[in-house]
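Here the structure is a predicted model, which means the values were calculated and not measured.
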Amino acid sequence: EPPLPVRVTAQRQAKFLPDANQAIFDGNCLCTMPQEGLSPDQSFTLASSQLIANLPKKGVKTPSDVPDILALGPVKLDFYVDAFDSNEPNAVPLPAKVTATKHARFLPSKNQVLFEGDSKAVVVRQDPNYVEEYILSSQQIAVDLPADANSRASASSMGIEHLRAVGGIVTLATKKTSADLLLSGIELICRQFDYDPNQQLYSAVGPGIIKLANAEAPAKTDPNDKSQKFSLNKPCWAV
């Protein structure tokens, strides 16, 4: 992969430990890196209380020798994702945010990013008539990244290979609001949630609950249909 400029700032101190081959940034750390194809204002931004970078060692032979990066909580990662359910070819990327109270760790040996402690991922879509939010929360969120972004077979517009949320009560919710009015929303409560973009497959492990709140949404019914059959496209509420 071509090199990318990375900027790290720390309010308190930055130090290098030669024996451990480790760089430590301490106090309101902020790490920024450009996101491919987007403007400078749409970069990856990672904020944490302390950032520890274990640098590469000569003659790496075991997985434990592979460098990793640890961001101590509270952690917040801001970035942008493609408008994954939009039919518009020039749709504006959507802002996304992942937070965790304990830490976030990047594991190159597994090509995985791991968020620990009251983890939450939020994607927001702004529209002139409404705001739509996608919210995933759990104790742990693990994101598997592509081994090679240029040759991956993944159809994922979010640029990931797999996502897993587990630990405690896992909640996946979408809600559409206008002002303070809830137009519609779906909430899934379970024990584990997985998303496989290659198969466009969402799976959840229970026991759990699915809630649908569609009471204020406009009906999408055919005016010529005179039947009284039940439809989730009509205003409704269900568990």
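- Residues that satisfy the side chain to side chain contact (heavy atoms under 4.5 Å, CB included) test with D180, not counting sequence neighbours, are absent from this structure.
- A distance of 11.0 Å separates NZ in K176 from CG in L182, rounded to the nearest 0.5 Å.
- Listed for the N28 side chain is no donor-acceptor partner under 3.5 Å among the backbone atoms of Q11.
- Under the 4.5 Å side-chain criterion, counting only non-hydrogen atoms from C-beta, P207 is in contact with R191.
- The two atoms that bring R125 and Y134 nearest to each other are NH2-OH, 3.8 Å, heavy atoms only.
- When the side chains of ILVMFWY residues are joined at heavy-atom separations under 4.5 Å, either directly or via intervening members, L77 and V6 end up in a single hydrophobic cluster.
- Taking every heavy atom of both residues into account, Y195 and Q200 meet most closely at OH-NE2, 3.8 Å.
- With hydrophobic clusters built from ILVMFWY side chains whose heavy atoms lie under 4.5 angstrom apart, L46 does not share a cluster with L114.
- For K211, the side chain to side chain contact (heavy atoms under 4.5 Å, CB included) partners at least two apart in sequence or on another chain are E187, I209, V239.
- Residues passing the salt bridge (charged side-chain N to carboxylate O under 4.0 Å, His left out) test with K76 are D78, sequence neighbours excluded.
- The two residues F25 and A10 come nearest to each other via the heavy atoms CB-CB, 3.9 Å.
- The only option from R164, Q112, H162 that meets the side-chain hydrogen bond (donor to acceptor under 3.5 Å, both in side chains) definition with D144 turns out to be Q112.
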Item to check | Trace of the side chain to side chain contact (heavy atoms under 4.5 Å, CB included) decision for C190 with V205 | outcome: CA-CA 6 Å; C190 59; V205 177; 6.0 Å; no
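- Using a 4.5 Å cut-off between side-chain heavy atoms of Ile, Leu, Val, Met, Phe, Trp and Tyr, with links allowed through other members, V143 and V166 fall into different hydrophobic clusters.
- Among the candidates I189, L136, L188, the single residue satisfying the side-chain contact (heavy atoms from CB on, under 4.5 Å) test with T171 is I189.
- From H103, atom NE2 reaches atom CG of L51 across 13.0 Å, with rounding to the nearest 0.5 Å.
- Between the CG atom in D118 and the CZ atom in F115 there is a gap of 14.0 Å [rounded to 0.5 Å].
- Put simply, CG on D26 and OG on S49 are 7.5 Å apart, with the number rounded to the nearest 0.5 Å.
- Across every non-hydrogen atom of F106 and D68, the tightest pair is O-CB, 3.1 Å.
- Side chains of N54 and I69 form no contact here, defined as non-hydrogen atoms less than 4.5 Å apart.
- Between E116 and K102 there is no salt bridge, since no side-chain N of the basic residue sits under 4.0 Å from a carboxylate O of the acidic one.
- Listed here is the closest heavy atom pair of S178 and N129: OG-O, 3.3 Å.
- Rounding to the nearest 0.5 Å places CD of Q126 at 8.5 Å from CD of E133.
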Next on the checklist: Between E161 and N198, is the side chain to side chain contact (heavy atoms under 4.5 Å, CB included) condition met? List the steps.
Outcome noted: CA-CA 7 Å; E161 289 297 300; N198 295 310; 3.2 Å; yes
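- In this structure, S138 and V170 approach most closely via the heavy-atom pair CB-CG2, 3.8 Å.
- For the atom pair OG1 of T174 and CD1 of I186, the computed distance is 4.5 Å after rounding to the nearest 0.5 Å.
- When the side chain to side chain contact (heavy atoms under 4.5 Å, CB included) test is applied to A96, the partners found at least two apart in sequence or on another chain are F79, V81, V123.
- L17 belongs to a hydrophobic cluster whose remaining members, ordered by chain and number, are I24, I52, L70, L72; membership requires side-chain heavy atoms of ILVMFWY residues under 4.5 Å apart, directly or through intermediates.
- Hydrophobic clustering, with ILVMFWY side chains joined whenever heavy atoms are under 4.5 angstrom apart, keeps L55 apart from L107.
- The hydrophobic cluster containing V131, built from Ile/Leu/Val/Met/Phe/Trp/Tyr side-chain heavy atoms closer than 4.5 Å, also comprises V122, V124, I135.
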